[in-house]
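Order of the sequence lines sets the chain letters (A, B, ...), proteins ahead of strands, with each chain counted from 1.
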Protein chains: 2
Amino acid sequence: MSTERLTPTSYLVLGLLAREGPSTPYALERHVAATLGNFWSFPHTLLYSEPSRLEALELVTETRESDGRRRRTFAITSAGFDELTAWLERPARARTELRDLGLLQLFFMDLASEEAGTRLAREQRAIHQAKLAAYEADARIERRGGHPASGLRTVEHWRGATLPMGLLYEGAAVAFWQGVADKVVRPDPAIEPNGREPG
Amino acid sequence: MSTERLTPTSYLVLGLLAREGPSTPYALERHVAATLGNFWSFPHTLLYSEPSRLEALELVTETRESDGRRRRTFAITSAGFDELTAWLERPARARTELRDLGLLQLFFMDLASEEAGTRLAREQRAIHQAKLAAYEADARIERRGGHPASGLRTVEHWRGATLPMGLLYEGAAVAFWQGVADKVVRPDPAIEPNGREPG
DNA sequence: CCTATCATGTAATCCGTTACATGATTAT
DNA sequence: ATAATCATGTAACGGATTACATGATAGG
């Protein structure tokens, strides 16, 4: 009778527990930070509270150390696995939520100064360029078979499933903000040699 | 003394009131649905509750009809305008939140059947193709000077500020899911020329 | 040793979502 | 007239964020 509404976070936890085996919230956090967390933030407290909810629904079990740290370890139940696979068999139809503070600001930039637009465009371009570079580094590492001391299989999944989308998105974002910068910054179409940046 | 934390929704409301003048929540809703709502959902109730919060902070004022419908109309105050422009002058540094149920499912697709992967890829490709087509239609309408009976200036801003990003994103998404489909679906490389979607 | 950082957790708050409901307007 | 849709609003619930706090480990 676990016909309660499950959230994306629920499925994230179920999926990780199913694939990686019994885990502590901290392990979940590390895994998420290296993969999906790149573009979908899951604050660490969520990885503590969500498993508790799932336990109430008997989709996961909890065991806890009795000594000092009292670590909690969660494991998926067969009911949880069923719920997860049922969800995976039913393809999502929801549209993408693309929440970007920069875009929101840009949408209202006609209300602000010209310099504000310039600053925004440059800042955003830099942010997305950095992210793109990080993704490309991930992709390179993966192509070499992965660094033994690091993510291993984790990164494989990341790459196979979602890293390419990250690359595509950040590439598009860089192009977009470059375009904005080009239009906002009228003078000097040649990139100024004395490019200085505010902190 | 309105040093309370404002949310993105707060700035959305402030910005619309600043640019469009005094508005009812319904007017805000319509405006949002035609523009930012394309990739950032703001449920209509938010456009009722958020202005109320802002009124408590004296960033907007409320006037209300006394007759049958008792419509509420909100207007930005000068304090509100100051808050808005101050925000716009401080460029956002937050990273993009790209929340996509489809990507989440894909991330765990190794736990499901092959057909599930196929279904997901096709479904997502169709969704993004449809959105891309809609954006392209918007862009065409804009290029012709806009339809007099429709969005007018609104659409101009949409196009100038954020429609290009929508086009870029959806283009990337279509390419991505096409790639997923190509890898997941082995047999029958011939695909129907026009991907359509069910109502 | 001391301090910084990592690791681990709880609790309160509040925004956003969902559910519900009814007054107007248009179409048939 | 009646149904359907548009327009407008309130209230409750709960997940997500923020704030807080302390136990371990490593570095100097």
On the six-membered ring of B:F74, is B:R64 placed so that its NZ or CZ lies under 6.0 angstrom from the centre and within 45° of the ring axis?
no
Run A:H44 and A:E29 through side chain to side chain donor-acceptor pair (under 3.5 Å) and show every step you take.
CA-CA 6 Å; A:H44 80 112; A:E29 189 204 344; 4.6 Å; no
From CG of A:L46 over to P of C:dA12, roughly how many Å is that when rounded to an integer?
18 Å
Can you tell me if A:S10 and A:E50 form a side-chain donor-acceptor pair at under 3.5 Å?
yes
To the nearest angstrom, the CD-P distance between B:E29 and C:dG16 comes to 16 Å
Within the pair B:R64 and D:dT8, is there a side-chain N or O less than 4.0 Å away from OP1 or OP2?
no
May I ask you to evaluate whether A:R5 reaches the phosphate of C:dA19, defined as a side-chain N or O under 4.0 Å from OP1 or OP2?
no
N/O-N/O pairs, protein side and nucleotides 18-22 of chain D side, under 3.5 Å:
| unit_1 | atom_1 | unit_2 | atom_2 | d |
| --- | --- | --- | --- | --- |
| D:dT18 | O4 | A:T45 | OG1 | 3.2 |

Taking atom P of C:dC14 as reference, at what distance in whole Å does atom CG of B:L6 sit?
14 Å
CZ of B:F42 versus C1' of C:dT18: gap in Å, rounded?
18 Å
Check this one for me: any side-chain N or O of A:R53 less than 4.0 Å away from OP1 or OP2 of D:dG15?
yes
Figure out the CG/P separation between A:L47 and C:dG9, and round it to whole Å.
12 Å
Integer-rounded Å distance: D:dT10 P and B:E50 CD
15 Å
When you measure from the side chain of A:Q178 to the backbone of A:R125, do you find a donor-acceptor pair of N or O atoms at a distance under 3.5 Å?
no
Closest to the A:T7 side chain, choosing from D:dG9, C:dT8, D:dG15
D:dG15
Using a distance-only test with no angle check, is there a side-chain donor-acceptor pair under 3.5 angstrom linking A:R53 and A:T9?
no
A:E55 CD to C:dG9 P, in whole Å, measures 14 Å
Give me the ring orientation class for A:H128 and A:Y169: parallel if the planes are under 30° apart, tilted from 30 to 60°, perpendicular past 60°.
perpendicular
Between B:Y48 and B:E97, which residue's closest nucleotide on DNA chain D lies nearer the 5′ terminus?
B:Y48
Is there a side chain to side chain donor-acceptor pair (under 3.5 Å) between A:E97 and B:S41 once you walk through the steps?
CA-CA 7 Å; A:E97 291 281 333; B:S41 70; 2.8 Å; yes
Tell me, which of residues 8-18 of chain B have any heavy atom that sits under 4.0 Å from an atom in DNA chain D?
none
N-O pairing of B:E170 and B:K131 below 4.0 Å:
no
Within 45° cone of A:F39 ring axis and under 6.0 Å: B:R99 NZ or CZ:
no
Just the rounded figure in Å: distance from C1' of C:dG23 to CZ of B:R72.
16 Å
